[in-house]
Each structure stands twice: as C-alpha cells, then as structure tokens.
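Shown next, in structure tokens, is the structure this report addresses.
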2 protein chains.
Amino acid sequence: MKLTSKGRYAVMALVDLARFDNINPVSLRDISLRQGISLDYLEQIFSKLRKKEIVQSVRGTQGGYILNKKAKEIKLINIFEAVDEKVKTVQCKKESKKGCNGKAVKCLTHNLWDELENHINDFFDKKSLEDLVKDNSVRRV
Amino acid sequence: MKLTSKGRYAVMALVDLARFDNINPVSLRDISLRQGISLDYLEQIFSKLRKKEIVQSVRGTQGGYILNKKAKEIKLINIFEAVDEKVKTVQCKKESKKGCNGKAVKCLTHNLWDELENHINDFFDKKSLEDLVKDNSVRRV
DNA sequence: ATAAACCTGACTAAAATAGTCAAGTATCTT
DNA sequence: AAGATACTTGACTATTTTAGTCAGGTTTAT
C-alpha cells in the first residue's frame with residue numbers, strides 16, 4: 001500500500017497556496033518552482049481540484065488559483081477524492097467466483113478492509129488544510 | 001492509495017489456515033481451492049511468510065503449513081511486513097532537489113505523512129489473526 | 001498586440017502488480 | 001522401492017498504474 005504522488009502533490013500544492021493571502025491568485029508556475037513539481041502535472045491536478053470546487057481559477061496575466069473555501073473547511077478527504085486518490089482496500093470482483101459480492105457471502109476478511117477504510121478516512125476527515133498550514137508556521141518559529 | 005492483492009491474499013490465506021486446528025497442516029492446494037487464489041501465487045506468498053517465521057512448513061504427503069505462533073500473537077503488521085506490503089507514505093528522494101531530506105528541511109507535508117503512517121500502523125498493530133478468526137465465527141452464528 | 005497563465009486531451013516510458021511456468025526436493029503411503 | 005503429494009525456488013511475462021510529457025489551444029491584464 002502506498003500513497004501516490006498525485007495525492008501528495010495535490011496536498012503540497014494546496015498548502016503552498018493556502019499560505020498566501022487568498023486574495024491574490026497564486027500561479028501554478030510559482031508553485032511549480034517552489035515545490036519542485038512539474039508544471040504540466042500541476043495543471044492536471046488543479047483541473048480536477050477546480051472541478052470539485054476546491055479552488056477557483058483566475059485567467060489571464062497575473063492570474064492563478066485561489067482557494068474556493070476557507071482552509072478550515074477543506075479536509076484532506078476532499079482533496080484526495082478530487083484527484084481520484086481513493087482509499088480502496090477491497091476489490092471483490094463483480095463476477096466473483098468465490099462469492100464475495102459484499103452482500104450475502106463475504107470473503108473471510110471483508111469486514112477487516114471495511115474497518116481499515118473507515119480508520120484511514122477518519123484521519124483524512126479530521127485533518128484540514130488549515131491544520132497543515134498552522135503546523136508549518138509553528139515549526140517555522 | 002490501495003492495498004494490493006498480495007497483502008489481502010496473505011491475510012485471507014492465514015485466516016483460512018488459522019481456522020483449522022494448527023496440529024494438522026493445511027495444504028496450499030486446499031487454501032487455493034477454498035479462497036480462489038492461484039496455487040502458484042500462494043506459494044510465493046507462503047515462501048515469504050515462512051522466512052519471517054509466521055508459518056511453518058511440513059513437507060511430503062499430508063504436508064502443508066501450520067502457524068508458527070499463536071494466532072493471538074500474529075498481528076496484521078507482521079503479515080504485511082512479511083509480504084513486503086509496507087505503508088510507505090513519503091518518498092522524499094535522497095537526491096532531493098527541493099531539500100526534503102527528512103532532516104533539516106522538510107517538505108510542507110512531511111509531518112502529515114508521518115502521522116498518517118502511524119495512524120495506519122496502529123490499526124495493523126492492534127489487530128491479530130485471532131481477532132479475524134473470531135470475527136468470522138461470530139458472523140457465522 | 002503580446003505575454004502570462006489557465007485549459008484540455010492525447011500520448012508514453014517506466015515501474016509495479018499479479019500472476020504463470022518450469023524444474024526441482026522432501027516425505028509419506030503402500 | 002515407487003509413486004504421489006506437497007513444499008521450494010527462480011525466472012519469466014502480460015497487464016495495469018503511475019507519473020509524467022507534449023501539443024495545441026483560450027482568456028485577460030497591461
């Protein structure tokens with residue numbers, strides 16, 4: 001099990017974004033330079049974040065992105081969902097040979113993965129972007 | 001983020017194994033049939049489990065595998081570690097351009113992944129094979 | 001006008017995953 | 001002793017996912 005870069009980059013970029021006043025848009029180019037993430041890849045990521053209304057775009061010169069909600073209201077779970085980084089622990093096939101269809105007959109460990117999923121989602125549900133920004137400014141002191 | 005089949009299969013197979021008296025060895029063939037996991041793949045997995053002393057092998061006819069410890073003492077974390085399924089959330093490169101080397105300069109979200117890792121490992125650390133076996137027999141009633 | 005910056009979709013190299021395949025070795029049963 | 005069962009090991013491979021790149025736009029401030 002591992003977290004992919006896409007999810008990590010999304011969070012990194014948003015923390016970077018959130019650290020600036022969300023009155024002036026921040027350009028992806030700046031984030032790219034500061035965080036060392038490919039600009040093209042950032043664009044893919046932000047396209048998804050925009051569709052899920054986590055950020056707002058400002059086109060044209062001096063444009064960029066701003067947060068669409070308060071940092072406190074943006075939870076990690078929202079970010080991960082936006083970039084398709086799901087915590088999927090079970091993949092019991094639809095055309096299940098061995099009968100694990102999530103309903104009547106469950107595989108021996110079905111409940112376990114459900115529990116795990118909840119456990120992880122709990123974490124992502126509680127953590128907000130604001131928490132991360134604060135965490136960084138505290139460490140900076 | 002997702003759990004891979006290898007880890008899931010390892011747990012499924014061990015729960016299956018643990019449900020039988022661990023006096024009579026259980027053959028991989030039986031597990032393969034019951035759980036619908038390829039025999040060849042199971043062999044790879046059990047080879048690793050044996051090296052980490054989670055199971056013991058009994059060769060020859062009527063052979064198979066038995067648990068090497070009490071089900072209560074086998075934690076999920078041991079199983080995942082044995083089959084190389086690590087919870088690796090951060091992959092800050094050694095030759096880091098942007099300075100996240102895990103020491104002096106951390107990337108904006110380094111602490112977050114550490115926390116997450118601990119959170120997940122906690123779960124795996126508390127859950128034993130016995131818990132899973134019990135969980136199944138309860139549901140069976 | 002023109003440059004900065006967003007926007008979109010298609011493409012691709014590399015890695016990981018989920019196995020398969022082949023050729024053993026050990027041990028129990030008869 | 002022979003045969004069957006079952007563990008043991010290592011190499012191989014198709015598929016999928018990941019982590020991007022690339023090309024060609026559109027929008028808007030100056």
Counting side-chain heavy atoms from CB outward, which of [options] is closest to [X]?
| X | options | answer |
| --- | --- | --- |
| A/Arg50 | C/dC6, C/dC7, D/dT8 | C/dC7 |
| B/Asp40 | D/dT8, C/dC21, D/dT21 | C/dC21 |
| B/Lys51 | D/dT9, C/dT20, D/dC7 | D/dT9 |
| A/Thr4 | D/dT18, D/dT9, C/dA18 | D/dT18 |

If you take all heavy atoms of B/Leu28 and B/Leu42, which pair is closest and at what distance?
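That closest heavy-atom pairing would be O-CD1, 3.7 Å.
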Just checking B/Phe46: base, sugar-phosphate only, or nothing, at a heavy-atom cut-off of under 4.0 Å?
nothing
[X] [atom1] - [N] [atom2] separation (whole Å):
| X | N | atom1 | atom2 | value |
| --- | --- | --- | --- | --- |
| B/Ile45 | C/dG19 | CD1 | P | 9 Å |
| A/Asn24 | D/dA29 | CG | P | 14 Å |
| A/Glu43 | C/dA5 | CD | C1' | 8 Å |

So do the side chains of B/Tyr65 and B/Pro25 get within less than 4.5 Å of each other, counting heavy atoms only?
no
Under 4.0 Å between a side-chain N/O of [X] and OP1 or OP2 of [N], yes or no?
| X | N | value |
| --- | --- | --- |
| B/Tyr9 | C/dG19 | yes |
| A/Arg59 | C/dA3 | no |
| A/Thr61 | D/dT27 | no |
| A/Ser57 | C/dC6 | no |
| A/Ser47 | C/dC7 | no |

Taking atom CD of B/Glu53 as the centre, report whether more than 12 heavy atoms of other residues, nucleotides or ligands fall under 6.0 Å from it.
no
Please determine which of A/Asn68, A/Leu129, A/Leu17, A/Leu14 meets the side chain to side chain contact (heavy atoms under 4.5 Å, CB included) test together with A/Ile54.
A/Leu14
N/O donor-acceptor pair, side chain B/Gln44 with base C/dT20, under 3.5 angstrom:
yes
